[in-house]
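The structure appears below as structure tokens.
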Amino acid sequence: LRDFEGNAAELSHEAVQAEDRVAQLPDRLALGAQAGVNLNLIGKTSTGSGVYYFLDQSGDGVANAVEDAVDHDVLDALLNGGVDTQSLDAWPDYSSRSITVGEYRLVLPTRYELSELSSAVSSPPGGTLDASYWLAGWWETPGQHVIMPFGGEELTEDDTQLHPVIFQVL
């Protein structure tokens, strides 16, 4: 292995493990229904920090805002027992924004993570939607959470509104 200047370089054990995990993950995951959400995940997209999938609740192979969108109250029930999901950008605490299904841990991204994902790829992969996605964490007003267009700026939205979802898979 060589660096950009042609010098010999080594991959860390952690980097090799992460690279192996990305290679092992399938292009699609069908994890069944959990808390009323049909966890069909498509559009596997990798960045330097992780692997992301788009929610395809209908199972039709296309993640779009109509058939596959959920409200944030549903996400709170799925990921955090009905309590608002939390996000701490400087120290990600996955416990309030994740669920483990079988060998996979699904994590609702923070604004930082979705920004990183949208910077790594110019647009969502085929079969997915260039839309505003739910993020972990809440706004200053109870009953509102943050959404962010792919590659855009964050906005607030009432928890009862429907939006598509991206999950990081660990």
Side-chain angles (χ1 to χ4, degrees), residues 15 17-82 84-87 92 94-137 145-155 157 159-170:
Q17 283 181 321
E19 194 172 288
D20 287 347
R21 177 70 173 156
V22 169
Q24 291 172 2
L25 288 170
D27 291 337
R28 299 174 67 132
L29 291 170
L31 302 176
Q34 298 285 326
V37 179
N38 192 9
L39 294 172
N40 287 316
L41 304 178
I42 65 169
K44 176 182 167 185
T45 305
S46 301
T47 68
S49 65
V51 180
Y52 295 85
Y53 289 83
F54 295 76
L55 180 63
D56 172 25
Q57 269 210 110
S58 66
D60 65 0
V62 178
N64 66 53
V66 177
E67 292 87 13
D68 301 313
V70 297
D71 67 46
H72 211 287
D73 290 335
V74 168
L75 290 175
D76 292 336
L78 174 69
L79 304 172
N80 202 25
D84 284 339
T85 59
Q86 301 294 312
S87 85
Y94 297 137
S95 65
S96 73
R97 60 185 177 113
S98 70
I99 183 173
T100 300
V101 181
E103 65 182 281
Y104 304 106
R105 188 169 190 188
L106 311 182
V107 181
L108 188 64
T110 63
R111 79 172 160 259
Y112 171 78
E113 292 160 343
L114 187 56
S115 291
E116 184 178 47
L117 173 62
S118 62
S119 293
V121 295
S122 60
S123 63
T128 61
L129 189 65
D130 191 0
S132 294
Y133 290 88
W134 281 121
L135 300 176
H145 272 77
V146 180
I147 58 171
M148 192 165 89
F150 202 83
E153 295 295 319
E154 64 188 40
L155 309 163
E157 183 71 277
D159 284 357
T160 60
Q161 299 300 306
L162 299 174
H163 289 283
V165 179
I166 297 172
F167 287 111
Q168 181 179 17
V169 176
L170 306 174

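Hydrogens, waters and symmetry mates are skipped; everything else that's a heavy atom, side chains included, is used.
Residues D73 and T160 form a side-chain contact, since some pair of their non-hydrogen atoms from C-beta on lies under 4.5 Å apart. Between R105 and S98, some side-chain heavy-atom pair lies under the 4.5 Å cut-off. In this structure, L25 and K44 have side chains that are in contact, with non-hydrogen atoms separated by less than 4.5 Å. In this structure the side chain of I42 never reaches within 4.5 angstrom of the side chain of L55, judged on heavy atoms. With contacts defined as side-chain heavy-atom distances shorter than 4.5 Å, the pair L31/L106 qualifies. You'll find the side chain of L170 stays beyond 4.5 Å of the side chain of Y104, heavy atoms only.
Here the side chain of H72 pairs a donor or acceptor atom with the backbone of L135 at under 3.5 angstrom. A donor-acceptor pair under 3.5 Å is absent between the side-chain atoms of N80 and the main chain of G82, judged by distance alone. Q57 contributes a side-chain N or O that, together with a main-chain N or O of N38, makes up a donor-acceptor pair within less than 3.5 Å. The main-chain N or O of G61 is found under 3.5 Å from a side-chain atom of D56 such that the two form a donor-acceptor pair. W134 places no side-chain N or O within 3.5 Å of a backbone atom of L75 that could act as its donor or acceptor partner. The backbone N or O of G43 sits less than 3.5 Å from a side-chain atom of T45, completing a donor-acceptor pair.
To the nearest 0.5 Å, atoms CD (E67) and CG (L162) are separated by 11.5 Å. Of the inter-residue distances, the one linking Y52 atom OH with I166 atom CD1 reads 9.0 Å to the nearest 0.5 angstrom. If you take CG on L108 and CG on L114, they are separated by 9.5 Å, rounding to the nearest 0.5 Å. In this structure, CD in Q34 is found 7.0 Å from CG in L78, a value given to the nearest 0.5 Å.
T100 pairs by the side-chain hydrogen bond (donor to acceptor under 3.5 Å, both in side chains) definition with nothing, not counting sequence neighbours.
Between Y53 and V169, the shortest heavy-atom distance links the atoms CD1-CG2, 3.2 Å. Between S132 and P164, the shortest heavy-atom distance links the atoms O-CD, 3.3 Å.
No hydrogens or angles considered: a donor-acceptor pair under 3.5 Å links the side chains of S58 and D68.
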### Pair T110-R97, side chain to side chain contact (heavy atoms under 4.5 Å, CB included): steps then yes or no
CA-CA 9 Å; T110 63; R97 60 185 177 113; 3.5 Å; yes
### Task
Please test F167 against F54 for ring pair (Phe, Tyr, Trp, His ring centres under 6.0 Å), starting from the C-alpha separation and ending with a verdict.
CA-CA 6 Å; F167 287 111; F54 295 76; over 10 Å; no
